[in-house]
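To start, the structure under review is shown below, and the notes come after it.
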Amino acid sequence: MRTRFAPNPDFLIHLGNARPSILSYEYAKMYKGKFILRFEDTDPKTKPPLPEAYSAIKEDLRWLGIRWDEEYIQSLRMEIYYSIARELIGVRGAYVDLCDKKEFLKYKIGMKPCPHRNTATEINLELWDKMVSNYFEEGDAVLRVKTDLSHPDPSLRDWVAFRIINTEVNPHPIVGSKYVVWPTYNYAAGVDDHLMSITHILRGKEHSVNTLKQKYLYDHLGWEYPEVINLGRLKLEGFILSKSKIKELMVRHPKVFKSADDIRFGTIASLRNRGILSETIRKVILEVGVKVSDATISWDNIAAINRKLLDLEVKRLMFVAHPVEVLVRHVPERLSSVTIPLHPTNKRLGGREVRVNIDNGNLTVLLDSRDVQTFKDVGVIRLMEFMNVKYVSEGDGKVLGEFISTDLSDAKKFRAPIIQWVPYGGYVKVLIVKPEGLKLIKVAGYGEAYMKTLMVGEVVQLVRYGFIKVVKSGGKIIKAIYIHD
RNA sequence: GCCGCGGUAGUAUAGCCCGGUCAAGUAUGCGGGCCUUUCGAGCCCGUGACCCGGGUUCAAAUCCCGGCCGCGGCACCA
């Protein structure tokens, strides 16, 4: 078993591409076969390859846990395509067509052969050599593969295998202006799948006609076509996956959407930046499986999988989004420092010391305005991992509470809600960016001082708030991306 | 318009090839409970689906036909 993933390096890959790539890789692995990565960069004109995309795609694949046994770049295989083209002409499977494009269309829809279809082989070879040696202009000549002219689908009839692209005008990022005759997707992919002994092709169902086209090529050459498995399209609820739509947004709003890995998009890099684990993506793709029908992946589902993976591994910290000062009276001085574990069960994560300032038994903490409301409603709350507090009064905009005890069992006795808190004076400002569709909602709040030690890229759980990924730290304000709740 | 392919709960998926064990399984969501120093996780209970209509058959989610809906393709793109 040999499978392959064959992206066009003209852009980043997205969640939709994760389906064929992960599934092809897993298939090969399952049957102890080989998996091949092949860059299909044979159109320097309408889909010019992006030099940085080759490595970016490889990085994304590696991140997804995909390892490949062989790697090819089609633009480096031009001589191979050329030599097979001569072979194809030799068996009268292809001919050089000098017709004008519109003129050919008439023959095509009329199911009639164009005048060049029966050109003698020697002349065809001569014409082909002229093509390759830059004799013709762009648009003057193509090499067509002979198919069934009466096929009900007109697009199949004598499709183009090679066309001329003026690479002085549109140089290729890898081979520059070295070649002017370029193979089309169907030719290059078809030839390579055979030459690379691909046994199973897993690709999007948009390629289903291409399979039919390529089979003509295989028939002419006496090759056997691999097994094909068509995969349905994937959507990600609330995200844009489409290459063209992302490009359009970036062109139209260059200041809003600076790069294709923006957390609002559905590229693999975007999801990685967003804080989604590669394991989550793999699970989702494997769950969707090999089916032709389309699937809309819900964000809830992604979040559920991701949350479970993150839950055990990530530190839990306190954060208050809409702070209200609460003064607690009669707090014992010995409580000016408490050590709180960073995770209730994962002891490897250790703990952190939280210092508070107790002045004459008075302690000021910040609570979320919603929690202050519960405080007033319920009468007793527990400041998580710290102490139980009784509500006293509210006046002049100040909320007053009274220390009861530190025992957790008391909190249970009082059925006190457990609330996260941040010490007044011992906090750090946190700015959280929450993507919602194409908008970014910004939430500013206060995190406990320990958050200053977080590194960029680190993911933590803010208790009762959600999982975040730190994108900027070190300064006065910590910036983070909201992953999910 | 013309070719081709699909349609199981809100979402995703299992079962369909080889009809009965499917009064349809699983995950997530939603409702409730237990547990828990989170409104998180875990555990338990509940909720909710075979697109419609015919046919074949003792028996159809599964096979056949028609309809409806959805998707893909119709490039000198990949």
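Order of the sequence lines sets the chain letters (A, B, ...), proteins ahead of strands, with each chain counted from 1.
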Indicate, with a heavy-atom threshold strictly under 4.0 Å, whether [X] touches base, sugar-phosphate, or nothing.
X        : result
A/Lys412 : sugar-phosphate
A/Arg157 : nothing
A/Glu40  : sugar-phosphate
A/Asp294 : sugar-phosphate
A/His207 : base

List, with names and distances, any nitrogen or oxygen atoms from the protein found under 3.5 Å away from nitrogen or oxygen atoms belonging to nucleotides 40-47 of chain B.
residue, atom, partner, partner atom, Å
B/A41, OP1, A/Arg307, NE, 3.4

Protein-nucleotide distance ([X], atom [atom1]; [N], atom [atom2]), rounded to Å:
X        : N     : atom1 : atom2 : result
A/Gln420 : B/U38 : CD    : P     : 11 Å
A/Leu408 : B/U37 : CG    : P     : 5 Å
A/Ile404 : B/U37 : CD1   : P     : 18 Å

Separation of the C1' atoms in B/G46 and B/G7, to the nearest angstrom =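 To the nearest whole Å, 28 Å.
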Contact check, side chains of A/Tyr81 and A/Val191, non-hydrogen atoms, under 4.5 Å |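 Of all side-chain heavy-atom pairs linking A/Val191 with A/Tyr81, at least one is under 4.5 Å.
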Between A/Pro183 and A/Ser293, just flag the one whose closest nucleotide in RNA chain B comes earlier from the 5' side.
-> A/Ser293
Ranking B/U13, B/A75, B/U38 by distance to the side chain of A/Lys108, first place goes to B/A75
With respect to the side chain of A/Ala295, which nucleotide from B/C5, B/A12, B/C76 is positioned closest?
-> B/A12
